[in-house]
Protein chains: 2
Amino acid sequence: MISSENINTHISEFDGIHRLALSVDCVILGYDEESLKVLLVECNTPPFVGKLSLLGELVNPDETLDEAAHRVLGIWTGQESLYLEEVRTFSNVDRHPLGRVITVAYYSLVEIDHFELSGMNKMNLKWVDVNSVGDLAFDHNKILNECLDSLQQRLREKPIGFNLLPEKFSLNQLQNLYEVVLGITLDKRNFRRKILSLDVLIDLGEMQQDVAHRPAKLYGFDHDKYAQNRSQGFKFEI
Amino acid sequence: MISSENINTHISEFDGIHRLALSVDCVILGYDEESLKVLLVECNTPPFVGKLSLLGELVNPDETLDEAAHRVLGIWTGQESLYLEEVRTFSNVDRHPLGRVITVAYYSLVEIDHFELSGMNKMNLKWVDVNSVGDLAFDHNKILNECLDSLQQRLREKPIGFNLLPEKFSLNQLQNLYEVVLGITLDKRNFRRKILSLDVLIDLGEMQQDVAHRPAKLYGFDHDKYAQNRSQGFKFEI
DNA sequence: ACAAAAGTGTTGATAATACACCCATGT
DNA sequence: ACATGGGTGTATTATCAACACTTTTGT
């Protein structure tokens, strides 16, 4: 078929055949030193009542998708400026039982005990180990899995893992995070050499307190150093 | 703000405040041994009349976004099963002068002389060197640039460049493609060693014909071998 | 014979891997 | 003193980067 029509030819049909709704769904991920967890909520939409689902919202006419995703984070976590990354769209025609809803999936990395689940949220929200997630509502298992794949890939090439840790962390905490999220084991000495050679950590000159073993040195992530390195063509890669 | 509302609470507002339109925009890329080119069309929407734009369409209610993108390819190239990759959404509130149109950007890799631009298309369509693209309509410069960035990244880690070449190609053609798309120069001997070691090329036992120099051996991309390697954890990386 | 692009190996530098013991703290 | 996790170096191997000449074809 050859045609000279295009998107603009059809713009008047907004109210007609092209009616659909757009949502964002957020895979909010946290890390508690043992496992990677995803924040889920009990679903109240038939036929999924009782199942858990990701956190999502319809997109408002006066906001971008990034803004909508940040709004979702704000609603459920009370925080605004968390790490967010768009993954991809999910647009199967029958993915939502109540109508045509196309969704854009994001994942977010949060420090899991930065906020207490409280009030109303406490009743419906759950942190669930990503390896123990059962059947979710809608196509949310698929969305979750694709977001996790995407995270694994990006974690190896961008210094984003720090978003899951407290501001001050030990090298072993960092290594453990990589091991848990990537599902691999790493050699301690090689890992330390590698991460320090990337020159994005700042030695805080502080030590862990009140631990029942030799206290570890604490480090922070140096955004400026990373930006500087990156602008000079250095690649971050684990 | 704490809330127990979610996407489903608002589902009845489809016809109200959440009205918006969704489109796909395709960055269709071709390669002619000298440069990477993008397929553009003359825009007929004020205030962009006379400018060039990417190829896009509104999404129909009965199709997925991938299907919509394939439809766009079919309309303008006459071919259906070309390489397509979703990049990301563009959702600025005022990105379209006629209303709220959120778009999902795709790029596509095509063999540039697999199809002749003909008939009506001939009048409006242009292959433009990606380095000589002027001001495009809408936010299409931004979309184009992000798709090119995404392509550069993916070209290094997935064997997708072959989609831009004829089925039978020489190693020098392939090297030249990488050099043009990535904007770098590569060492001939190192490139050959590397690409052959990846074990995804099949020596066709054929030679170039009618060239005014020593004819090159022709190779093809072996999808099966690649799939096999990948399933065994091998990484493709240039 | 000449022009034009195809093809081919070696060496030195750098980065990745494998591996085992002593140290500092709290109980 | 013991339990717990923190911290360190070296030798081997694999990978990457730099580099120049000969070969085959058409004109």
Side-chain angles (χ1 to χ4, degrees), chain A residues 31-35 155-157 165-166 168-180 182-220 229 232-238, chain B residues 31-35 155-157 165-166 168-180 182-220 229 232-238:
Chain A
Y31 167 76
D32 65 358
E33 311 268 310
E34 283 174 18
S35 63
L155 185 63
R156 288 183 161 278
E157 37 196 49
L165 291 176
K168 303 173 180 188
F169 51 85
S170 70
L171 294 184
N172 284 323
Q173 274 180 295
L174 186 58
Q175 177 181 343
N176 191 43
L177 164 65
Y178 276 92
E179 291 182 331
V180 166
L182 298 177
I184 58 179
T185 63
L186 295 165
D187 179 85
K188 204 200 312 194
R189 283 174 286 194
N190 294 339
F191 176 79
R192 292 158 100 90
R193 188 166 348 150
K194 179 74 162 280
I195 196 82
L196 291 173
S197 77
L198 294 175
D199 193 34
V200 296
L201 293 185
I202 170 171
D203 182 341
L204 297 171
E206 295 178 54
M207 297 295 213
Q208 287 180 328
Q209 302 289 335
D210 302 317
V211 286
H213 52 80
R214 176 174 173 177
K217 289 175 76 171
L218 293 178
Y219 290 83
N229 292 347
Q232 283 162 30
F234 280 56
K235 256 187 219 160
F236 180 96
E237 192 173 346
I238 296 285
Chain B
Y31 168 75
D32 65 358
E33 310 269 307
E34 283 173 17
S35 65
L155 186 63
R156 287 182 161 281
E157 39 198 45
L165 291 176
K168 302 174 179 187
F169 52 85
S170 71
L171 294 184
N172 285 324
Q173 274 181 294
L174 186 59
Q175 178 179 343
N176 190 44
L177 164 66
Y178 276 91
E179 291 181 331
V180 166
L182 298 176
I184 58 179
T185 62
L186 295 165
D187 180 85
K188 205 200 312 194
R189 283 173 287 193
N190 293 339
F191 176 79
R192 286 165 177 256
R193 195 183 3 252
K194 181 74 161 281
I195 197 81
L196 290 174
S197 77
L198 294 174
D199 194 32
V200 295
L201 293 185
I202 170 170
D203 183 341
L204 298 173
E206 294 179 53
M207 298 294 212
Q208 286 180 329
Q209 302 291 334
D210 304 315
V211 285
H213 53 78
R214 175 172 173 180
K217 287 173 78 170
L218 293 177
Y219 291 83
N229 292 346
Q232 281 163 31
F234 280 55
K235 256 188 220 157
F236 180 97
E237 192 173 345
I238 295 284

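Within every chain, numbering begins at 1; the chains are lettered A, B, ... in the order of the sequence lines, protein sequences first and strands thereafter.
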Leading and trailing nucleotides of DNA chain C with any atom under 4.0 Å from heavy atoms of chain B: C:dA4 to C:dT10

How close or far is atom C1' of D:dT15 from atom CD of B:E237, stated in whole angstroms? 12 Å

Which residue in the set A:H213, A:M207, A:Q209 passes side chain to side chain contact (heavy atoms under 4.5 Å, CB included) when paired with A:V211? A:H213

Compare every heavy atom of B:S197 with every heavy atom of B:K194, then report the nearest pair and how far apart it is. O-OG, 2.7 Å

Is B:F236 close to B:I195 at the side-chain level, that is, under 4.5 Å between some pair of heavy atoms? yes

Listed pairs, N/O of protein and of nucleotides 25-27 of chain D, under 3.5 Å:
none

Got a sec, which residues hit side-chain hydrogen bond (donor to acceptor under 3.5 Å, both in side chains) with B:K168, two or more places apart in sequence or on another chain? B:E206

What pattern of brackets, bars and dots sums up DNA chain D from 5' to 3', given Watson-Crick or G-U wobble pairs under 3.5 Å, [ ] for crossing pairs and | for another strand? |||||||||||||||||||||||||||

Between C1' on D:dG5 and CZ on A:R192, what's the gap in Å once rounded to a whole number? 10 Å

Interatomic distance, B:L186 CG vs D:dC19 P [rounded to whole Å]: 15 Å

What residue pairs, at least two apart or across chains, pass salt bridge (Lys or Arg N to Asp or Glu O under 4.0 Å) with a residue in residues 207-217 of chain A? A:D203-A:K217

Please tell me if the side chains of A:Y219 and A:L165 come closer than 4.5 Å, counting only heavy atoms from C-beta onward. no

For A:Q208, check side-chain hydrogen bond (donor to acceptor under 3.5 Å, both in side chains) against everything at least two apart and list the hits. none

Just how far is it from atom CG of B:N172 to atom CD of B:E179, taken to the nearest 0.5 Å? 9.0 Å

Listed by chain and number, what are the salt bridge (Lys or Arg N to Asp or Glu O under 4.0 Å) partners of B:D187, not counting sequence neighbours? none

Shortest non-hydrogen contact from B:I238 to B:F191? CD1-CE1, 4.4 Å

Contact summary for B:N229 and B:L198, nearest pair of heavy atoms: ND2-O, 3.3 Å

Residues touching DNA chain D, which here means a heavy atom under 4.0 Å, drawn from residues 169-177 of chain A: A:N172

Residues two or more places apart in sequence or in another chain: which of them pass ring pair (Phe, Tyr, Trp, His ring centres under 6.0 Å) with A:F169? A:F162

Per the under-4.0 Å heavy-atom filter, residues of residues 193-206 of chain B near DNA chain C come out as B:R193

Would you indicate what A:K188 reaches in the nucleic acid, counting non-hydrogen atoms under 4.0 angstrom: base, sugar-phosphate, or nothing? base

Return whichever of B:Q208 or A:N190 has its heavy-atom-nearest nucleotide of DNA chain C closer to the 5' end. B:Q208

With A:E34 via side-chain hydrogen bond (donor to acceptor under 3.5 Å, both in side chains) - residues at least two apart: none

A:Y31: side-chain hydrogen bond (donor to acceptor under 3.5 Å, both in side chains) partners, not counting sequence neighbours: A:N176

Less than 4.5 Å apart, side chain to side chain, heavy atoms only: is that true for A:E33 and A:V180? no

